[in-house]
*Asks:* 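The structure that follows is given in the form of structure tokens.
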Amino acid sequence: LLVRDGHDVSLFLTDQADNRQRYADAVHGIRMHYSAVGSGREQWSKIRLLTRERFDVLHCMSSGSSVHFPAWLSKWRHGGAARLVMDFDEWQSLWMHYPKRAYQAMWERFACETSDVVIFASSYLARTLGRSVAASRRFVLPYAFDEQEFAEPSLSPEKVRQRYAGRRLAVYMGNLLPQFDAERVLDVVGRVRESHPDVLFLFIGGGPLREGFQRRIDADGLGDHARLLGFVPTPEMVQHLRAADVLLLPIRDSQLNRSRSPNKLFQYAAARRPIVTNRLENIYDAVGEEVVYFDFDSIDDFARAIDTALG
């Protein structure tokens, strides 16, 4: 949109093969700049790249020493005219263990103090991490979805449903990682199977837990009711969401989860299918009463919520 409106836009990425393959030298009119890889090398490489040019706005998606700090130096180097924006999509230091957590927290405080505008992904994050940021500089902006992705006509939901003829589809989309809660979906499969033998649970996404999930599916005899699809291309992923009878987003109430804005919630909403999730503040702020909530700690209540969504 910025390019369409006539702005000169640049994106700074690490010089990794997947970045080069995906973006090359430019995409949609956005110029790509590639920095060295590795914390120290990346930092100095970005400092050289960013101080070489004068920017009107510097928008940072990480408060670390390799992103926000080089941008702050660029602002200082060119007389402070650039508008420095820090965009916190999560409380990054909470992912880390000490002493790395303390080190990252230092950079988070620095970003809050030195940025002209600070954006937080959730109200909770703004109240906590952003408590020292003046209200005039503090904003809350959750995630959204890409309208172009959901306008893709290459694969219709009907074709997806034909693959699973006679089955109702309960879909979870997301990386199978320990810090997320996909395993809660696996916990409820057996219970839902008892009352809805036609329901098929589909897991879209890969990750280190996939092999363990498959072993559990095999051991518990859930193969007719749960399938791990792994990574699927975006157009096909979108159509799976659209084909679902219910979309699942279990998310436990933790400081880490309260501080972020789950991207899949907005993709689910764009698919316009029933959603089952948990009533965290950031979830409720986004979708209100338009979803079915359940108690994360109760498998019975999770099964009840799925039953309600299925109608």
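For the single chain, residues carry numbers from 1 onward in sequence order.
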*Asks:* Side-chain heavy atoms under 4.5 angstrom apart, residues restricted to Ile, Leu, Val, Met, Phe, Trp, Tyr: same cluster for Leu177 and Leu229?
*Replies:*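 Yes, Leu177 and Leu229 fall within the same hydrophobic cluster.
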*Asks:* Using the side chain to side chain donor-acceptor pair (under 3.5 Å) rule, collect all pairs that involve residues 194-209, keeping only residues at least two apart or in two chains.
*Replies:*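 Listed by first then second residue: Arg168-His196, Arg168-Asp198, His196-Asp307.
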*Asks:* With Ser62 as reference, evaluate His68, Glu90, Gln92 under the side chain to side chain contact (heavy atoms under 4.5 Å, CB included) test and give the passing residue.
*Replies:*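 The residue from His68, Glu90, Gln92 that satisfies side chain to side chain contact (heavy atoms under 4.5 Å, CB included) with Ser62 turns out to be Gln92.
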*Asks:* Does atom CD of Glu281 have more than 12 heavy-atom neighbours from other groups under 6.0 Å away?
*Replies:*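 Count over threshold, so yes.
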*Asks:* Just by distance, with hydrogens left out, do Glu53 and Ser74 show a side-chain donor and acceptor under 3.5 Å apart?
*Replies:*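 No, no side-chain donor-acceptor pair sits under 3.5 Å.
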*Asks:* The criterion is ring-ring contact (aromatic ring centres under 6.0 Å, His included); which residues satisfy it with Phe231, sequence neighbours excluded?
*Replies:*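 By the ring-ring contact (aromatic ring centres under 6.0 Å, His included) rule, Phe231 matches no residue at all.
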*Asks:* Would you call the rings of Trp95 and Phe180 parallel, tilted or perpendicular, where under 30° means parallel and over 60° means perpendicular?
*Replies:*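 Taking Phe180 first and then Trp95, their aromatic rings stand perpendicular (interplane angle over 60°).
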*Asks:* Between Phe150 and Phe145, what is the ring plane arrangement, given parallel below 30°, perpendicular above 60°, and tilted in between?
*Replies:*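 Geometry flag for Phe145 against Phe150: perpendicular rings.
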*Asks:* Which class fits the ring pair Trp72 and Trp76: parallel under 30°, tilted 30 to 60°, perpendicular over 60°?
*Replies:*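 Answer is parallel, since the angle falls under 30°.
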*Asks:* Which heavy atom in Val118 sits nearest to a heavy atom in Cys112, and how many Å separate them?
*Replies:*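 Where Val118 meets Cys112 most closely, the heavy atoms are CG2-O, 4.0 Å.
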*Asks:* Once rounded to the nearest 0.5 Å, what's the spacing between atom CG of Leu200 and atom CZ of Arg163?
*Replies:*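 So the CG of Leu200 and the CZ of Arg163 are separated by 12.5 Å.
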*Asks:* Which hydrophobic side chains are connected to Tyr34, either touching it within the sub-4.5 Å cutoff or through other members that do?
*Replies:*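 For the cluster that includes Tyr34, the remaining residues are Leu2, Val3, Val9, Leu11, Leu13, Tyr23, Val27, Ile30, Met32.
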*Asks:* Among all residues two or more places apart in sequence or in another chain, which pass the side-chain hydrogen bond (donor to acceptor under 3.5 Å, both in side chains) test with His59?
*Replies:*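 Result, side-chain hydrogen bond (donor to acceptor under 3.5 Å, both in side chains) vs His59: Asp87.
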*Asks:* Should the ring pair Phe296 and Phe294 be called parallel, tilted or perpendicular, given that the plane angle runs from 0 to 90° and is split at 30 and 60?
*Replies:*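 Judged by the thresholds at 30° and 60°, the geometry between Phe296 and Phe294 is parallel.
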*Asks:* Any chance you could measure Arg242, atom CZ, to Arg273, atom CZ, to the nearest 0.5 Å?
*Replies:*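 Result: 11.0 Å between the selected atoms.
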*Asks:* Taking only residues two or more places apart in sequence, or in another chain, which ones meet Arg216 in a side-chain contact (heavy atoms from CB on, under 4.5 Å)?
*Replies:*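 Arg216: side-chain contact (heavy atoms from CB on, under 4.5 Å) contacts with Glu183, Leu186, Asp187, Asp220.
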*Asks:* Check whether the side chains of Asn257 and Arg260 place a donor and an acceptor atom closer than 3.5 Å, and report yes or no.
*Replies:*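 On atom types as modelled, these side chains qualify, holding a pair under 3.5 Å.
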*Asks:* Apply the hydrophobic cluster definition, ILVMFWY joined by side-chain contacts under 4.5 Å directly or through others, and give me every member besides Ile119.
*Replies:*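 Taking Ile, Leu, Val, Met, Phe, Trp and Tyr as members, Ile119 shares its hydrophobic cluster with Val57, Val85, Val117, Phe139, Leu141.
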*Asks:* Name the orientation class of the two ring planes belonging to Tyr293 and Tyr284 (parallel below 30°, tilted from 30 to 60°, perpendicular beyond 60°).
*Replies:*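 Rings of Tyr293 and Tyr284: tilted, as their planes differ by 30° to 60°.
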